[in-house]
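Every chain is numbered from 1, with letters handed out A, B, ... down the list of sequences. Fair warning: this is a prediction, and the values are worked out from it, not measured in the lab.
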Amino acid sequence: MRKKRFSNFFYDYVQPLISNKKSLVGSIILLFFILMATIGPMIVPLNMNSDFANRYQRPSLQHPFGTDYFGVDIFQQIVHGSRSVISLTLFASLFAVIIGTVVGVARGYLEGIGGKLLDAIITVFLVIPSFPALLILAAIFADTKLNTVEVALIVAIWLWAPLAKQVAAQVLTVKSREFVEASRMLNMGLGYILFSDIAKLLIPYIFVNFVTQLKSAMEFSIGLMFLGLAKFDPTHWGVMLNYALYQAGALYTPKGFHYPFFVILNIVLLIYGGILLAQGIEEVFNPKLRGHE
Amino acid sequence: MKYVVDRLVYLIVVLLIAISGVFVLVNKMPGDPAYGLAVSIAQQRNMEMERALEIAHKLMGIDPHEPLIVRYGRFISNLLKGNFGYSSFYQTSVNEIIAKALPWTLFVISLATLVSFLVGIYLGSFAAQKRGTIVDLVISGIASIIQAIPPFVLAVLILFIFAVRLRVIPLGGAYPVDMEPSFSLSFILKVIHHALGPMFATAIPQMAAWTLAMRGNTSQIMEEDYIRFAQARGLKDSIIANKYIKNNAMLPLIASLAISIGYMLGGHTLVESIFNYPGIGFYFGKAIAVRDFGLLTGLFSLIVIGVIVATFIAEIVYALIDPRVKLK
């Protein structure tokens, strides 16, 4: 039984992703960064001690990405920082998916004033421009040291609404179908109807959304760290970028150009991997986009 | 008509929830909102902090012992009268700051949005019609890569490459400090020169987004039956491409054009801060940095109102374009 379920999962989700060129390349890029985040720190040691004799060294075999203003190896920091970059992104997307699904299903199922109110709340979060609102939240928490889960929640607050709206629309069309009626007649309970009957239909939807919002999750969390508004891991790439540009003024000295360059390169590559995977997945699960390719 | 009124009432409710939420949030920010003002008064007039705090509270119209709900009531009634509050950092009304800053922001974002929209529409439909060829691959490939660069990173790159290194654009401001605003040609040229940095930083990511959206819409429409039918009728390819495909693919994007201008009001925050460009976003960033609560709530309310108005316009435009919307 379990084996069958696994092979279904493979044929339904994994295989189409491998056969699509974009999602394949995207997956490879993301896999590379996930490996960097999981086993990287075990292989690459991190030495954050300042070594002013070695500041702003050019990339070399000893320092693949060169050294920073304090003479610390940039490659080591990127590898160790990838852990918090990736975990933050994954947590934020995960929370957003959970909130979006729960609110969306509830909105689709509830009628009357409750449904209307939920609808208004979803619209509020759709309408409020995320970045300024995120900045305010970040300023409120600027002096508190937050852990990954807390920062991820702050980011997720600005990501869940589009999914909730889509899910609500889906639930509205589905809820009058026979099998839901049947469950209701069998007195299966609201929870069972919502999360077993209806949620099952939504899984491909949620899966696509999880991937498409990885990009915003990365961008938001890196932006927060870049502005230095949330106290966090000093090797997080956003924090590194902040150091590079504002603390060390790396771009003002021709010697330091590689410092922000390698941080930006990794940020862009990671987000690009997410975009490719999302585009590929949309093509796979939304055949209309595939056209005659 | 009923549709319009319904949407209007609904959006006003949404607006009220959003503004109230932000008011509570900002008032929960750590610290006394009058503290900053009190410090500067104490320094200027060389008086004790306690006394300065009292004056500051009076100036800002805040009674520290007053419950949140009363302050909230006054905030809303002020907003209804078009009074966006008092900035403790700049020691002036928020309305005055808005009057000074909004024209710059609108100037940059409307121009950036217009140019990026036109170019994006063109590139997107061009790419879709050359689907699968190297041209399509290059256009959509570059657009995807641009999308992978967070806008603030792009802004920083533009600033450092073009302003710091190459020195072809100025480092900040809307016009040279030693010039008096006037309608002379040299002044207008300076204004455009100063707007180039923020303009490109705003336009480039948008252009990529429009291109990809237009490419997607066009590809979808090219699969529709009525296009096949038009081809079967023997219509010229150029007529099909322009009248049938391009227009239909563009319509939904025109509706989102309004929303996009609304969002730019808020999304412009970082770009303006990075370029030191004295628009709404610049003052917003400043308000967060110096914990100027009055300025913060005032500007945020303005941004949200802008987005809601834009959303409303977009919905009306969409309903006009696509009659099916009303039936829902």
* Minimum-distance pair of heavy atoms, taken over all atoms of Gln147(B) and Glu219(A) -> O-OE1, 4.2 Å
* Phe162(B), CZ atom: more than 12 neighbouring heavy atoms under 6.0 Å -> no
* To do: Counting only heavy atoms closer than 4.5 Å, note whether Leu241(A) contacts chain B via side chain, backbone, both or neither.
  => side chain
* **Side chain / backbone / both / neither for Val14(B) at chain A, heavy atoms under 4.5 Å** => both
* Structure fact -> d(Leu296(B) CG, Ile136(A) CD1) to nearest 0.5 Å is 4.5 Å
* Asked: Taking every heavy-atom pair that is under 4.5 Å apart, which of Ile264(A), Ile275(A), Leu270(A), Val127(A) has the most such pairs with chain B?
  -> Val127(A)
* To do: Among Gly273(A), Ala133(A), Gly274(A), single out the residue with the greatest number of heavy-atom pairs under 4.5 Å to chain B.
  => Ala133(A)
* **Reported OH-to-OG1 distance for the pair Tyr10(B) and Thr123(A), which is rounded to 0.5 angstrom** => 3.0 Å
* 4.5 Å side-chain heavy-atom contact, Ser144(B) and Leu276(A) -> no
* To do: Against chain A, work out which of Val304(B), Ile145(B), Ile161(B) has the most heavy-atom pairs shorter than 4.5 Å and name it.
  => Ile145(B)
* **Lys215(A) atom NZ, over 12 foreign heavy atoms within 6.0 Å** => yes
* Asked: If you take all heavy atoms of Pro150(B) and Ile267(A), which pair is closest and at what distance?
  -> CG-CG2, 4.0 Å
* Asked: Is it the backbone or the side chain of Leu212(B) that comes under 4.5 Å from a heavy atom of chain A, or both, or neither?
  -> side chain
* Structure fact -> Value for OG (Ser273(B)) from CG (Leu135(A)), rounded to nearest 0.5 Å, stands at 8.0 Å
* **Side chain, backbone, both or neither of Ile146(B) within contact of chain A (heavy atoms, under 4.5 Å)** => neither
* To do: Test side-chain contact (heavy atoms from CB on, under 4.5 Å) on Ile128(A) and Phe300(B) and set out the steps.
  => CA-CA 9 Å; Ile128(A) 288 188; Phe300(B) 198 85; 3.7 Å; yes
* Neighbour count above 12 (heavy atom, 6.0 Å) for Phe95(A) CZ -> yes
* Asked: Side chains of Tyr272(A) and Ile149(B): does their closest heavy-atom pair fall under 4.5 Å?
  -> no
* Side-chain heavy atoms of Ile17(B) within contact of Phe125(A), under 4.5 Å -> no
